[in-house]
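Report on the structure given below.
What you see is a predicted model; the values in this text were computed from it and never measured. Nothing fancy with the numbering, it's 1 onward along the sequence. Only heavy atoms go into these numbers, but all of them, side chains included; no hydrogens, no water, no symmetry mates.
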Amino acid sequence: MPRQGLPRQVTALAAVLLAPNPGPMTLDGTNTWILRAPGATGAVVVDPGPSDPRHLDAIVAAGPVDMILLTHGHRDHSEGAAPLHDLTNAPVRALDVTHRLGDEGLAAGDVIVAAGVEIRVLGTPGHTSDSLSFVLTGDHRAAPAGPGPTDDGVSVLTGDTILGRGTTVVAHPDGRLGDYLASLRRLRELGDAMVLPGHGPELASAGRVAEAYLTHREARLQAVRAALEAGDATAPEIVRRVYADVDPALWSAAELSVRAQVEYLRPPSRPSC
């Protein structure tokens with residue numbers, strides 16, 4: 001697991017710093033990723049996390065920071081971006097223009113080369129409309145682990161689209177389930193790429209995890225459909241029935257996913273001409 005205050009090298013190109021913001025939605029805290037090729041001086045920082053002085057100081061100490069990228073705009077990932085920009089003058093690049101600091105943004109299909117690392121931007125909306133993933137080629141485990149699923153040299157930073165433990169919320173109304181399912185299918189195509197998530201531990205195979213997420217989502221959809229057929233009319237009613245196996249502390253988040261699922265099952269009707 002990541003350690004607060006000290007970067008841990010996970011792959012040849014990626015080290016992780018754990019932000020001190022643990023909680024039911026953030027697991028052990030936000031993973032701030034520091035990307036650089038061996039021998040490179042500068043670094044690319046992905047998701048600076050909260051605006052916590054100790055965490056920002058640790059990021060600066062692991063620099064110098066050439067560029068800041070955001071997987072999406074939720075505060076636990078993006079709040080520290082502006083103060084880190086103030087400390088380092090590094091540009092902040094994001095899909096959402098409200099989070100950008102500098103002349104350039106991010107869009108699906110972009111290829112960024114910085115700190116000796118090639119970063120391919122993959123559009124993965126669904127958790128939020130602005131969610132992106134970052135694919136690193138020429139990457140592998142930092143420590144020898146024998147033949148394994150990451151030997152193909154690809155890793156992917158998934159933000160909250162895939163977590164290191166558990167599943168994520170579709171943050172309705174900004175997040176949409178149809179988009180999220182399409183994003184999971186897109187990540188499934190990465191096969192044995194290593195997952196470097198926004199929260200929780202790294203995972204061995206994007207393809208296998210994405211497939212498990214798709215199976216989980218289909219099961220939840222079937223349960224929500226059954227709840228609707230049984231007469232449940234509100235999101236809280238459906239959550240009590242469908243998410244009875246989930247910690248009640250997470251039910252408010254589950255309501256967002258339920259609303260996204262109901263919208264998916266019953267899309268808004270279009271006005272007739």
Looking at [Y], is its backbone amide N or carbonyl O close enough to the side chain of [X] to form a donor-acceptor pair, meaning the two atoms are under 3.5 Å apart?
X      : Y      : value
Glu79  : Ser51  : yes
Thr26  : Asn21  : yes
Arg36  : Thr41  : yes
His199 : Gly29  : yes
Arg93  : Leu106 : no
Asp130 : Gly73  : yes

Checklist entry - Is any side-chain N of the basic residue among Asp110 and Arg120 closer than 4.0 Å to the acidic one's carboxylate O? => result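 Salt bridge between Asp110 and Arg120, a charged N being under 4.0 Å from a carboxylate O: no.
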Acceptor/donor pairs from residues 216-224 side chains to any protein atom, 3.5 angstrom cut, sequence neighbours excluded:
residue : atom : partner : partner atom : Å
Arg217  : NH2  : Thr168  : O            : 2.3
Glu218  : OE2  : Gln222  : NE2          : 3.3
Arg220  : NH1  : Val242  : O            : 3.0

Taking C-beta and beyond as the side chain, do [X] and [Y] meet within less than 4.5 Å on heavy atoms?
X      : Y      : value
Tyr243 : Ser257 : yes
Thr161 : Leu132 : no
Glu255 : Ile238 : no
Leu136 : Leu35  : yes
Pro125 : Ser183 : yes
Val45  : Leu84  : yes
Ile112 : Met67  : yes

Next on the checklist: Quick check on Asp247: does its CG atom have over 12 non-hydrogen neighbours (other residues, nucleotides or ligands) under 6.0 Å away?
Outcome noted: yes
Item to check | Over 12 non-hydrogen atoms of neighbours within 6.0 angstrom of OH in Tyr213 | outcome: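 Buried by this count: over 12 neighbours within 6.0 Å.
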Checklist entry - Less than 6.0 Å separating the ring centroids of His74 and His127? => result yes
Checklist entry - Could you give the distance from OG1 (Thr71) to CG (Leu157), rounded to the nearest 0.5 Å? => result 8.5 Å
Checklist entry - Looking at residues at least two apart in the chain, or sitting in another chain, which of them share a salt bridge (charged side-chain N to carboxylate O under 4.0 Å, His left out) with Glu211? => result Arg188
